[in-house]
Protein chains: 2
Amino acid sequence: MGSLARKPDSLERYQADLPHLTQKLRRGSRKITGPRQAILEALRRQSHPVSIKELFDTLTQGDCDLATVYRAMHLLEGMSMVKRFDFGDRVARFELLSDGDDGHHHHLVCTQCAEVVEISDCSMQEQEAQIATRNGFTHVTHKLEFFGICSACRAL
Amino acid sequence: MGSLARKPDSLERYQADLPHLTQKLRRGSRKITGPRQAILEALRRQSHPVSIKELFDTLTQGDCDLATVYRAMHLLEGMSMVKRFDFGDRVARFELLSDGDDGHHHHLVCTQCAEVVEISDCSMQEQEAQIATRNGFTHVTHKLEFFGICSACRAL
DNA sequence: GTCCCTGCAAATGGTTTGCAGGCGG
DNA sequence: CCGCCTGCAAACCATTTGCAGGGAC
């Protein structure tokens with residue numbers, strides 16, 4: 001069952017607590033500010049990739065500015081604390097990374113209701129290596145997302 | 001992604017000639033206009049996905065308006081005459097589809113110079129099917145692109 | 001006391017759209 | 001001639017950035 005997709009909304013993934021997260025900031029010589037704490041808290045509550053606008057909307061009005069969320073996500077991405085995903089709708093989505101998790105996984109997205117299921121197993125290492133050597137490339141990575149229609153939408 | 005320095009196109013892929021293409025338009029009860037012919041001609045010259053802006057720049061000034069190119073690409077996409085690709089830089093890129101080609105292939109993109117190599121073999125059908133049944137989804141498709149550093153950029 | 005961080009507002013860049021006139025069928 | 005297409009300009013939307021004041025350390 002290891003490769004089975006994760007159940008949405010159950011938050012089974014381990015999420016570091018806030019002090020743990022802010023410590024990472026401090027280690028990176030970054031300041032721990034109110035907006036950043038609010039953003040990290042908001043991120044912890046998510047179990048799926050969220051867009052910046054969505055994240056912003058979960059914040060108490062006045063917690064911080066939209067531009068600050070953008071800046072914070074850049075910062076966190078640079079510190080490998082979040083991972084950016086792209087579902088092809090021209091909107092960046094982010095997930096908080098757990099310790100030691102490189103965040104490499106994919107998603108199955110319902111094209112009608114946007115339900116997201118996490119796909120944990122990725123068997124592309126060998127293909128990646130093959131592609132690298134065949135084309136003389138190095139540092140080859142990939143982006144992969146699945147799209148389809150979920151059972152609920154199909155029933156409609 | 002860097003700016004593009006497109007290499008001379010090899011054009012190995014079969015590209016239908018213009019009359020053949022405009023016939024498809026006619027079959028779809030679409031009008032054959034000057035701008036559309038110019039756009040199709042410009043598309044035929046490409047052997048890799050091009051952004052709308054790039055395509056527009058290859059047109060003789062005055063051939064048509066940028067907005068018209070956008071509208072034409074929507075039209076052509078809806079008629080399955082072009083396929084849209086997404087390299088994660090928030091810019092849509094398009095490729096002309098050959099007859100009978102569903103356009104399912106992937107690309108290897110250099111993150112420094114934006115060189116693009118087409119990856120033709122895709123062995124994900126079974127994984128796709130697996131993911132569909134495991135999660136109760138239907139009509140499952142995927143988007144997959146590879147990124148890396150090409151030999152030229154590596155040498156710099 | 002530094003200078004990093006923030007809010008605000010304006011700019012950016014890709015893409016879309018409203019409108020009135022024009023041309024393909 | 002009818003209605004699809006087009007050019008033009010303005011609107012849109014996610015994201016970025018300049019600036020000056022304020023707070024973390």
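What you are looking at is a predicted structure, and each value in this text was computed from that prediction instead of being measured. Here is the naming used below: chain letters follow the sequence lines, and residue numbers restart at 1 for every chain.
Sorted by first and then second residue, the salt bridge (Lys or Arg N to Asp or Glu O under 4.0 Å) pairs involving residues 57-68 of chain A (not counting sequence neighbours) are A:K53-A:D57. Residue pairs meeting the salt bridge (Lys or Arg N to Asp or Glu O under 4.0 Å) criterion with at least one partner in residues 135-156 of chain A, sequence neighbours excluded, do not occur; the list is empty. The side chain to side chain donor-acceptor pair (under 3.5 Å) contacts involving residues 28-39 of chain A comprise nothing, where partners must be two or more places apart or lie in separate chains.
When rounded to the nearest whole Å, the span between CE of B:M73 and C1' of D:dC5 equals 17 Å. What separates CG of A:D86 from C1' of D:dA14 is a distance of 13 Å, to the nearest Å. We find that CG of A:D63 is positioned 18 Å from P of C:dC5, with the value rounded to whole Å. Atoms NE2 (B:H74) and P (D:dC4) sit 18 Å apart, rounded to a whole Å. Rounded to an integer number of Å, the gap from CE of B:M79 to C1' of D:dC4 is 14 Å. The separation between A:R36 atom CZ and D:dC25 atom C1' is 13 Å, rounded to whole Å. Put simply, CG on A:L66 is 11 Å from P on D:dT16, counting in whole angstrom units. As a whole-Å value, the separation of B:R84 CZ from C:dG14 P is 15 Å.
Phosphate proximity of D:dG7 to B:T68: present, with a side-chain N or O under 4.0 Å from OP1 or OP2. For the OP1/OP2 pair of C:dG14 and a distance below 4.0 Å, the side-chain nitrogens and oxygens of A:R90 include no atom meeting the criterion. A close approach under 4.0 Å does occur between a side-chain nitrogen or oxygen of A:Y70 and OP1 or OP2 of D:dT15.
Using five terminal pairs a side, the axes of the helix from C:dG1-D:dC25 to C:dG25-D:dC1 at its two ends make an angle of 30°, given in steps of 10 degrees.
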Would you tabulate the side-chain donor-acceptor contacts of residues 21-28 of chain A under 3.5 Å, counting partners in other chains and residues two or more places apart, or write 'none'?
| unit_1 | atom_1 | unit_2 | atom_2 | d |
| --- | --- | --- | --- | --- |
| A:T22 | OG1 | A:L18 | O | 3.3 |
| A:T22 | OG1 | A:P19 | O | 2.9 |
| A:K24 | NZ | A:D99 | OD1 | 2.8 |

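In this structure A:H104 satisfies the side-chain contact (heavy atoms from CB on, under 4.5 Å) test together with A:K83, A:D102, A:H106, A:C122, A:H142, sequence neighbours excluded. Remark: A:R93 pairs with A:E54, A:D89 by the salt bridge (Lys or Arg N to Asp or Glu O under 4.0 Å) rule, at least two apart or across chains. Checked against side-chain contact (heavy atoms from CB on, under 4.5 Å), A:H74 has the following partners two or more places apart in sequence or in another chain: A:E77, A:R84.
For B:D65, counting side-chain heavy atoms from C-beta on, the closest listed nucleotide (C:dT15, D:dC8, D:dT16) is D:dC8.
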Take A:R45 and A:T58, measure what side chain to side chain contact (heavy atoms under 4.5 Å, CB included) needs, and give me the verdict at the end.
CA-CA 10 Å; A:R45 276 182 241 119; A:T58 72; 4.1 Å; yes
Once each nucleotide of nucleotides 18-25 of chain C is scored for protein heavy atoms under 4.0 Å, what B/S/- sequence comes out, 5' to 3'?
B-----BS
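A:D89 comes within contact range of no nucleotide atom at all, as no heavy-atom separation falls under 4.0 Å.
B:V91 and B:F147 fall into different hydrophobic clusters, where Ile, Leu, Val, Met, Phe, Trp and Tyr are joined by side-chain heavy atoms under 4.5 Å apart, directly or via other members.
When each of A:S29 and B:A92 is assigned the nucleotide of DNA chain C bearing its nearest heavy atom, the one mapping closer to the 5' terminus is A:S29.
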